[in-house]
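Heads up: numbering here begins at 1 and tracks the sequence.
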Amino acid sequence: MVRGKTVIEKIESTTSRQVTFSKRKSGLFKKAKELGILCDAQVGVVLFSNTGRLYEYSNSNSGTKSIIERYQQVKEGQQFMSASDEAKFWQAEGERLRQQLHNLQDNHRQLLGHNLSGLGLEDLKGLESQLEISLHNIRLTKDQLMIDEIEKSNKKGILVHQENMELHKKLNIIRHDYVGLQNKVHEYDRLIEQTEVNGGITSSSTNYNFIAPEDVNSFDLKLSLPQHAESDDDQPESPTLGL
């Protein structure tokens, strides 16, 4: 659902105006806090409601008052500051920022375990406490990541198990169909063998069922005696077999 564009004008309803003021105030302070953390800036917000109630936010250790005083000094200095004084002011501001950067770098080295020789017992205790807090936060983040990975792995395992069960069911159906086809093939082969056996018996009866002739004596086997040919040698000829 797309939110409609908010019309920037005075809200007539007192209840709606109070609710909007509370929400927008919280959002403004949240943005101010994020700006101070991300950009390492000093941020101060002073807010009066329509009833005259004061609300303020500051990321400075000394509160909003110090930021207001600094603002007044800078504003007054800019009004009466000459060019040389303004250059000195920005020079000092740059030096302050360089010193702040140097302190942050030293703090970073100390957190890594370097440049600890100039620290006292209380400083070392404070550094140890910071490291313990950081280590605790790191372990919490690591444990949460491990828990998330385990939950993902468990979900994947459940999905794989479900897919395995589905495949097992399909395999059982295929095996059942295969057994049915095998039974049909065996039945078909048995019918073919039975048909071939029945056909072979009929063929054998036909092939070996001779009908005897009515007159057995119609087939005469005659042996002709040899005839002596008149020749000079008077040699007998070979006997002939005739029907």
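Side-chain atoms of Leu167 and Leu171, non-hydrogen and from C-beta on, never get closer than 4.5 Å to each other. Annotation: side chain of Lys25 is in contact with side chain of Leu47 (closest heavy-atom distance under 4.5 Å). Asn172 places a side-chain heavy atom less than 4.5 Å from the side chain of His168. Within the 4.5 Å cutoff, the side chain of Asp40 has heavy atoms near those of the Leu104 side chain. Side-chain contact between Tyr57 and Asn59 is present, with heavy atoms from C-beta onward closer than 4.5 Å. Proximity of Lys31 to Val43: side-chain heavy atoms (C-beta onward) are nowhere separated by under 4.5 Å.
Scored by the ring pair (Phe, Tyr, Trp, His ring centres under 6.0 Å) test, Tyr71 finds no partners at all (sequence neighbours excluded).
For Gln99 and Asn103, the side-chain atoms include at least one donor-acceptor pair closer than 3.5 Å. Defined by atom type and a distance below 3.5 Å, a donor-acceptor pair is missing between the side-chain atoms of Thr15 and Ser13.
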Given the rule in the salt bridge (Lys or Arg N to Asp or Glu O under 4.0 Å) test, do Glu187 and Arg190 qualify, once you have shown the distances and angles that lead to the verdict? CA-CA 5 Å; Glu187 182 67 21; Arg190 188 181 63 80; 2.4 Å; yes
Residue pair Asp106, His102: steps toward the side-chain contact (heavy atoms from CB on, under 4.5 Å) verdict: CA-CA 6 Å; Asp106 287 343; His102 179 72; 3.1 Å; yes
List the steps and the verdict of side chain to side chain donor-acceptor pair (under 3.5 Å) for Thr64 and Glu56. CA-CA 7 Å; Thr64 309; Glu56 60 179 338; 3.0 Å; yes
side-chain contact (heavy atoms from CB on, under 4.5 Å), that's the test. Do Arg109 and Leu116 meet it? Break it down for me. CA-CA 9 Å; Arg109 295 191 189 96; Leu116 301 177; over 6 Å; no
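In the hydrophobic clustering of this structure, Ile67 does not group with Phe29; members are Ile, Leu, Val, Met, Phe, Trp, Tyr whose side-chain heavy atoms approach within less than 4.5 Å, directly or through other members. Both Leu124 and Leu131 belong to a single network of hydrophobic side chains, linked directly or stepwise wherever heavy atoms of I, L, V, M, F, W or Y lie under 4.5 Å apart. Tyr55 is connected to Val45 through a chain of hydrophobic side-chain contacts under 4.5 Å among Ile, Leu, Val, Met, Phe, Trp and Tyr, so both are in one cluster. Leu111 and Ile138 are not part of a single hydrophobic cluster, where members link through side-chain heavy atoms under 4.5 Å apart.
In this structure, Arg98 and Gln91 approach most closely via the heavy-atom pair NH2-O, 4.5 Å. In this structure, Glu12 and Arg17 approach most closely via the heavy-atom pair O-NH2, 3.2 Å. What you find for Ser66 and Ser60 is that their closest heavy atoms are OG-OG, 3.4 Å.
The side chain to side chain donor-acceptor pair (under 3.5 Å) test with Tyr178 singles out one residue from Arg175, Gln182, His176, and that residue is Gln182.
Residue Asp189 holds its CG atom at 13.0 Å from CD of Gln194, rounded to the nearest 0.5 Å. Residue His186 holds its NE2 atom at 11.0 Å from CD of Glu193, rounded to the nearest 0.5 Å. Between atom CD1 of residue Ile133 and atom NE2 of residue His136 there is a gap of 9.0 Å, rounded to the nearest 0.5 Å. Note that NZ of Lys33 and CG of Leu35 are 13.0 Å apart. Values are rounded to the nearest 0.5 Å. Between Gln110 atom CD and Gln130 atom CD the span is 9.0 Å, to the nearest 0.5 Å. Note that NZ of Lys142 and CG of Leu135 are 8.5 Å apart. Values are rounded to the nearest 0.5 Å.
Looking at Thr195, its side chain does come within 3.5 Å of a backbone N or O of Leu191 through a donor-acceptor pair.
Contact check on Glu128 versus Lys125 returns no salt bridge, with no Lys/Arg side-chain nitrogen under 4.0 Å from an Asp/Glu carboxylate oxygen.
Environment of CZ in Arg53: sparse, with no more than 12 heavy atoms of neighbouring residues, nucleotides or ligands closer than 6.0 Å.
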Would you list the atom pairs, donor with acceptor, under 3.5 Å between side chains in residues 146-165 and any protein atom, with sequence neighbours excluded?
unit_1, atom_1, unit_2, atom_2, d
Asp148, OD1, Gln144, NE2, 3.2
Ser153, OG, Glu149, O, 2.9
Asn154, ND2, Ile150, O, 3.2

